[in-house]
Amino acid sequence: MFFFTRYPSSSLLKAYFPDVQFNRCITSQMIKWFSNFREFYYIQMEKFARQAISDGVTNPKMLVILRDSELFRALNMHYNKGNDFEVPDCFLEIASLTLQEFFKAVSSGKDADPSWKKPIYKIISKLDSDIPEIFKSSSYPQELFRN
DNA sequence: TCCAACCCTG
DNA sequence: CAGGGTTGGA
């Protein structure tokens, strides 16, 4: 689900998990999961962006995440260990864009500002996609999340 | 006062 | 991921 939505609202979560008996705890826990997911995501992005810079990359446009990318493997390993489903192209596009944003920010020295990541978070938070209905029709039970 | 989001840690 | 602490907005 994270491949489609990075910032799901509690109402969206409830809509996609009709079999879950939501209460304050369960809801905040799911919200917390996505918060953790985002942290991992952004940490990887920053890591690879800095690596690209040290590797001498100068054009952000060169930073496109493909299915055979190192970064893709890291992300897929984290969110889709068992390759339970195919990662959507929309995610690759947003991930690439995120990487480019980090690249531009770091290479222009904006990372000196304590809150330099905020602008990036704001951009990415507006790029959530709709989640396919299939996920709602219990085709994928609890595979959306795993422990 | 509540809570999503963030930061830091284990 | 889970915990615990902080924060800004409703």
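Every chain is numbered from 1 and lettered A, B, ... according to where its sequence line falls, protein lines coming before strand lines. Since the model is a prediction, treat every value here as computed from it, not as a measurement.
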Under 3.5 Å: donor-acceptor pair, side chain of A:Gln44, backbone of A:Leu75: no
Residues, nucleotides or ligands: over 12 heavy atoms within 6.0 Å of A:Asp130 CG: no
First of A:Asn36 and A:Ser28 reached from the 5' end of DNA chain B, by closest nucleotide: A:Ser28
Distance, rounded to the nearest Å, where A:Trp33 contributes CH2 and B:dA5 contributes P: 16 Å
Length of the line joining A:Arg38:CZ and B:dC7:C1', which is rounded to integer Å: 13 Å
Short side-chain N/O contact to B:dC7 OP1/OP2 from A:Tyr42, under 4.0 Å: no
Protein-nucleotide distance (A:Phe40, atom CZ; B:dT9, atom C1'), rounded to Å: 17 Å
Interatomic distance, A:Tyr41 OH vs C:dC1 P [rounded to whole Å]: 17 Å
Whole-Å distance separating the CD1 atom of A:Ile124 from the P atom of B:dA5: 15 Å
Contact summary for A:Leu12 and A:Ile131, nearest pair of heavy atoms: CD2-CD1, 3.6 Å
Phosphate OP1/OP2 of B:dC3 contacted by A:Arg24 side-chain N/O (<4.0 Å): no
Protein-nucleotide distance (A:Lys117, atom NZ; B:dC7, atom P), rounded to Å: 7 Å
Distance-only side-chain donor-acceptor flag, A:Tyr42 / A:Thr98, under 3.5 Å: no
Selection from C:dC1, B:dA5, B:dC6 that lies nearest to any side-chain heavy atom of A:Tyr121: B:dC6
Sugar-phosphate only, base, or nothing, as touched by A:Lys122 at under 4.0 Å among non-hydrogen atoms: nothing
Electrostatic pair A:Asp55:A:Arg50 at N-O distance under 4.0 angstrom: no
Atom-pair distance (CZ on A:Phe34; P on C:dC1), nearest Å: 10 Å
Touch class at under 4.0 angstrom, heavy-atom based, for A:Gln29 against every strand present: sugar-phosphate
Spacing between A:Met30 atom CE and B:dC3 atom P, to the nearest angstrom: 17 Å
